[in-house]
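Working notes for the structure below.
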Amino acid sequence: MGDDDTALLERHRPLLRYDSQETYFADAAQEWTDAPGNALQRRDGSVLATPPQLSLALLAGGHYADAAAPPVQPGDCIGHRGDDYVQAARALHAQARYANRMYGRVSDDSAGRTWLQYWFFYFYNDYNLIGPLIRAGLHEGDWETVQLRLDADGAIPDLAVYAQHDGAEARRWGLVERVGLRPVVYPARGSHASYFSAGDDHWTGHWFDHADGLRPTPELTLVTIDEDAPAFAWIHWPGSWGDTRKGTGLLSGLDSDSPVGPGAHSQWTDPARLVAKARQPEEFAVTPRPPGPRPVAPPAPAVTLARDGLALRVTYACPDWPAGREPAGLVVTVNSPREPLPPIAHRVPI
């Protein structure tokens with residue numbers, strides 16, 4: 001990875017626009033290895049290492065630490081022992097060595113076209129924001145990616161591809177919202193799927209992704225990946241960044257396993273493979289929503305706020321909600337635009 005590649009990645013470094021209720025920000029990958037309570041373990045749950053022995057360096061190579069140590073297995077994972085995800089992520093984000101990072105690399109696809117690839121790590125995926133009350137759509141760890149293809153001359157981007165769950169969305173560079181030469185990305189609240197525009201109507205086929213883009217988002221520092229450097233050998237660790245396993249039955253469409261790292265994704269070896277997952281990739285334009293029934297959202301509740309001494313009193317009513325679809329929980333997010341840490345969401349059962 002040369003200086004020219006780093007300059008190119010910096011020139012087109014994405015700008016994130018978080019949702020106003022986003023409680024997990026993109027941070028350094030070592031946040032997951034260093035987190036108190038996290039453990040490297042086998043699929044059967046046996047523990048191999050915990051911090052401080054557990055580190056990104058430990059994930060390099062075919063054995064943990066040295067040839068005499070246990071061998072790396074694809075079923076290995078790093079899991080968080082406990083359910084204090086918001087508090088744990090917030091405490092780590094408060095430390096400058098972890099906060100606000102993205103990873104970038106320059107790579108060629110199977111046809112010889114050059115791509116700029118950006119990776120983002122999030123501590124937890126809670127797409128519905130009310131996970132403690134509705135146990136679906138949750139998993140530990142979250143890796144997301146945004147890719148920009150350079151034109152035939154390798155000078156400027158001509159195509160952008162944003163990963164969204166198991167698929168992606170593609171647009172020609174001229175249709176991408178930008179600030180200068182930097183594309184704007186709207187991560188969905190909780191799920192962190194990347195969208196080209198703000199809105200509450202991003203229908204996934206199973207749920208709505210909300211991405212209002214209203215949270216003042218800090219700049220992310222670019223970490224340029226050098227595959228030849230030992231410091232980045234962890235990028236190819238085959239294990240899972242979390243110990244969540246996909247559910248079964250009615251909730252299976254809402255659940256996902258914890259993800260593998262960047263080097264284990266198909267688009268790492270060939271960035272064009274993500275284009276093949278994009279909705280109508282041959283058009284590279286604004287694409288329709290994926291097929292599947294799209295429910296009608298109930299009317300917005302009536303909400304009023306008032307101070308009550310040092311507390312905030314929230315009054316709400318949902319008189320027009322249809323029978324059988326009454327609200328199950330209330331989320332109140334305390335979100336000062338001057339607060340550098342992620343906002344705090346209070347989840348209350350109804």
If you measure from [atom1] on [X] to [atom2] on [Y], what distance do you get to the nearest 0.5 Å?
X      : Y      : atom1 : atom2 : answer
Leu8   : Thr114 : CG    : OG1   : 8.5 Å
Met102 : Glu219 : CE    : CD    : 7.5 Å
Leu181 : Arg13  : CG    : CZ    : 12.5 Å

- Should Asp76 and Tyr64 be marked as a side-chain hydrogen bond (donor to acceptor under 3.5 Å, both in side chains) after you check the CA-CA gap, both sets of side-chain angles, and the distance that decides it? CA-CA 11 Å; Asp76 294 345; Tyr64 295 119; 2.6 Å; yes
- Could you state whether Val332 and Leu341 fall into the same hydrophobic cluster, counting links through intermediate Ile, Leu, Val, Met, Phe, Trp or Tyr residues with side-chain heavy atoms under 4.5 angstrom apart?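 Unlinked, Val332 and Leu341 end up in two clusters.
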- Task: Keeping the roles fixed (side chain from Glu22, backbone from Gly190), state whether a donor-acceptor pair exists under 3.5 Å.
- Result: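 Present.
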- Taking Trp143 for the side chain and Pro259 for the main chain, is one N or O donor matched with an acceptor at less than 3.5 Å?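 Such a contact is absent between Trp143 side chain and Pro259 backbone.
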Considering all heavy atoms, the nearest [X]-[Y] contact:
X      : Y      : result
Asp34  : Leu54  : OD1-O, 4.1 Å
Leu274 : Gly167 : CD1-O, 4.4 Å
Gln117 : Gln267 : NE2-O, 3.0 Å
Asp109 : Trp115 : OD2-NE1, 2.9 Å
Pro187 : Ala211 : O-CB, 3.8 Å
Arg182 : Arg11  : CG-O, 3.5 Å

- Centroid-centroid distance, Trp234 to Tyr103, less than 6.0 Å: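 Ring-ring flag for Trp234/Tyr103: true, centres closer than 6.0 Å.
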- Query: Parallel under 30°, tilted from 30 to 60°, perpendicular over 60°: which one fits the rings of Tyr124 and Tyr24?
  - Reply: tilted
- Task: Sort and list the pairs that fulfil ring pair (Phe, Tyr, Trp, His ring centres under 6.0 Å) and have at least one residue in residues 178-199, not counting sequence neighbours.
- Result: Tyr122-His192, Tyr162-Phe196, Tyr195-His202
- Among Arg171, Arg149, Arg172, which residue meets the salt bridge (Lys or Arg N to Asp or Glu O under 4.0 Å) test with Asp158? Arg149
- Are any of the side-chain nitrogens in Arg189 or Asp209 under 4.0 Å away from the carboxylate oxygens of its partner? no
- With Arg105 as the cation and Trp268 as the aromatic partner, state whether NZ or CZ is under 6.0 Å from the six-membered ring centre and within 45° of the axis. yes
- Would you sort out whether His210 and Asp19 count as a side-chain hydrogen bond (donor to acceptor under 3.5 Å, both in side chains), showing the intermediate values? CA-CA 7 Å; His210 301 280; Asp19 185 270; over 6 Å; no
- Message: Are there over 12 heavy-atom neighbours, none belonging to Asp83, within less than 6.0 Å of that residue's CG?
- Response: no
